[in-house]
Amino acid sequence: MDSFHHTSITMAKRPCPCVSSSTTIATASAQNHMFPNLNPQTDHLLHAFLSLADSPSHSLDFCLDRLLDSATCDANQSVLIDRAHKLSSVLLDAANRAARKRASTHNSLTWPLPPDLTIKVFSMLDTQSLCFAAASCSMFNKCAMDPLCYANIDLTTVVPKVNNAVVSTMIQRAGRVLESLKLGIVPGPTSSPGSCQPLVYTIRNSVEVSKFSWTDKKPRHGKESSILTRSCLNSLSGDNSAAGTLLRRLHLYNIERMDSTSLSGALSACTSLLDLEIVGLHVELRQTLMSVSMFCPLIERLFFESSKTGRDDSLKSPTCVALVNNCPNLTSLALRGFKLHDFKVRILLKGFRKLKYVDFSMSYSISGMFLRNLGSSLGGHLLEVLILRDCMHLREVEVARLLTAILSGDFKFLRHLDISNREGLASEGDWYQRCYNSSLIPVRQVLQERPGMCLLAEFPSEGSFIDLDSDLNSEISLPSQLSSHTSDGSSFTSSSDSSYSSDRSSGNDENRDSGFVILEESSDEVDFLPG
């Protein structure tokens, strides 16, 4: 009782503005109509009872003991004890409600911003901070329920904490004003979307996540599982696709149970999508690009990183052509970790006339032939960023030809180029033979000619390469942190955190099967592209 009395006195940090007597009378009159059984005698009795809070606690104990001793039997004593418990519980609940009401009134009178500006401020918060603000007081909670506060939803976490119900609630609160949605597990602060580091992440194999058990993902005692499933995006297509209509940005990270059908259904509701980022989902490249081509004609940025590096060989040429024709506004394209082929990549690069950013990191099969005559033609001359890091079949001779083209004046807008490879570049005759010759690849000349360009060329030191053909039936990895200086003074390093699995294909077998051969072109157009 003493503690409660102290809490009620110190609740407000600043003096609460006085309420007029007319307001008090009106409030009392309304309460009398709502509760006709209450009378002034009850008010006086409660006031007298609350004044006992100043009495010593042992005196109240003696009073209760005398009252129990006066009871005629044990049953009556039990009834008195139960009533004492019930009365104390009722008083505590009433006191808490009154304290919250006073605090809310105090906040509404002293908070300097009107509701519309408060909502504007809340709309600038991240999702977690918004939830914290909504839980602080009823006034903030009311403002935080406005749909504008949920226009940009970010529910990414390091470990699974969000389930389908949370996603559905947030999307329903946003309604038609939803502009951005980010879901899933992001590896951590060291990796960021768009970086060269892989974002594919499996918490089951992680040793860095502490205090987490996979049993937490299983529902217990009626509690929902803290894991997203294939139906987590169903709210986008519900209610006649109201929530997905104006969605501009959709980022999905490492949602293990998401499949191609569910993703396609979600994309069908996002006809205004401009930015799509998919990392670590078990979805097929071809079907995903077909969905983007059919449902997202306004797309400007597409970032797609495979969950199984080098094993997705589903992309077909008609899919590339359809994507080029239906999504002409694409300026940024990243397809990381897929098994691509030179002529399919060339369809994409020659077809997208506004393309400025390209990332094919960790891609299998591309040899670099798609780069020939690209920098001086439509579809490639606007490139500002080109990332070909750790492309297994990338040939040394094609890299040399690319840098020579840059020296001759092609790729005039290129400001960032990454040709690093932890295993070294593939030789001309046999890609299993890894090599790097600093005299053949004019890195230093390019840096002198284009001082404003960021050129990343990190390779194992010359003479330390491994013949990948020496052990085809096992995974091969280089020793950690190979580092040295080449003969021309440039420093090249390789960390070799992962390994390539063996792949007997030359990198363009489908190229030969289709009868297509990339030759030195004399024109700026490619004959298989539609006019």
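Numbers here simply count residues along the sequence, with the first being 1. Since this is a predicted model, take the numbers as computed values, not measurements.
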Would you say that [X] contacts [Y] through its side chain, given a criterion of any heavy-atom pair below 4.5 Å between the two side chains?
X	Y	result
M453	F411	no
L281	L252	yes
R450	I406	yes
E423	P460	no
F352	P328	no
N163	I227	no
M170	L155	yes
V345	L335	no

Nearest-0.5 Å distance, [atom1] of residue [X] to [atom2] of residue [Y]:
X	Y	atom1	atom2	answer
L382	R353	CG	CZ	10.5 Å
L246	S272	CG	OG	5.5 Å
E277	L250	CD	CG	10.0 Å
S291	L263	OG	CG	6.5 Å
F303	L333	CZ	CG	10.5 Å
R389	D418	CZ	CG	4.0 Å

To check you understand the geometry: which heavy-atom pair defines the closest contact between [X] and [Y], and what is its length?
X	Y	answer
L386	L371	CD2-CD2, 3.9 Å
D342	M369	OD1-N, 3.0 Å
G424	F459	CA-CD2, 4.4 Å
D259	V283	C-CG1, 3.5 Å
L383	V358	CD2-CG2, 3.5 Å
L233	L183	CD2-CD1, 3.6 Å

Using the side-chain contact (heavy atoms from CB on, under 4.5 Å) definition, which of the options T157, T127, T156 pairs with V162?
T157
Could you go through the side-chain hydrogen bond (donor to acceptor under 3.5 Å, both in side chains) check for S168 and Q172 one step at a time?
CA-CA 6 Å; S168 177; Q172 289 174 5; 3.2 Å; yes
Contacts of R286 that satisfy salt bridge (charged side-chain N to carboxylate O under 4.0 Å, His left out) - sequence neighbours left out
E284
With a 3.5 Å cut-off and no angle check, do the side chains of S262 and R230 form a donor-acceptor pair?
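No, because no side-chain N or O of S262 sits under 3.5 Å from a partner of the opposite role on R230.
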Do D313 and H341 get their side chains close enough for a donor-acceptor pair, meaning under 3.5 Å?
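H341 and D313 do have a side-chain donor-acceptor pair below 3.5 Å.
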Determine whether more than 12 heavy atoms belonging to other residues, nucleotides or ligands lie under 6.0 Å from atom CD of Q445.
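More than 12 within 6.0 Å, yes.
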Exceeds 12 heavy-atom contacts within 6.0 angstrom, atom NZ of K356:
no
Candidate pair H393 and S367, rule side-chain hydrogen bond (donor to acceptor under 3.5 Å, both in side chains), full reasoning
CA-CA 5 Å; H393 296 85; S367 66; over 6 Å; no
Between R248 and E179, does any side-chain N to carboxylate O distance fall below 4.0 Å?
no
Can the ring centres of F304 and F338 be said to be less than 6.0 Å apart?
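Distance test on ring centres: under 6.0 Å, yes.
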R336 and salt bridge (Lys or Arg N to Asp or Glu O under 4.0 Å): which single residue from D359, D390, D312 fits?
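Checked D359, D390, D312 against R336; only one passes salt bridge (Lys or Arg N to Asp or Glu O under 4.0 Å): D359.
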Pairwise salt bridge (charged side-chain N to carboxylate O under 4.0 Å, His left out) hits with a residue in residues 289-298, at least two apart
none
Using the rule given for side-chain hydrogen bond (donor to acceptor under 3.5 Å, both in side chains), can you reason through H251 versus D154, listing the C-alpha separation, both sets of side-chain angles and the distance that settles it, and then say yes or no?
CA-CA 9 Å; H251 291 185; D154 186 352; over 6 Å; no
Take L178 and Y150, measure what side chain to side chain contact (heavy atoms under 4.5 Å, CB included) needs, and give me the verdict at the end.
CA-CA 7 Å; L178 182 62; Y150 299 89; 5.9 Å; no
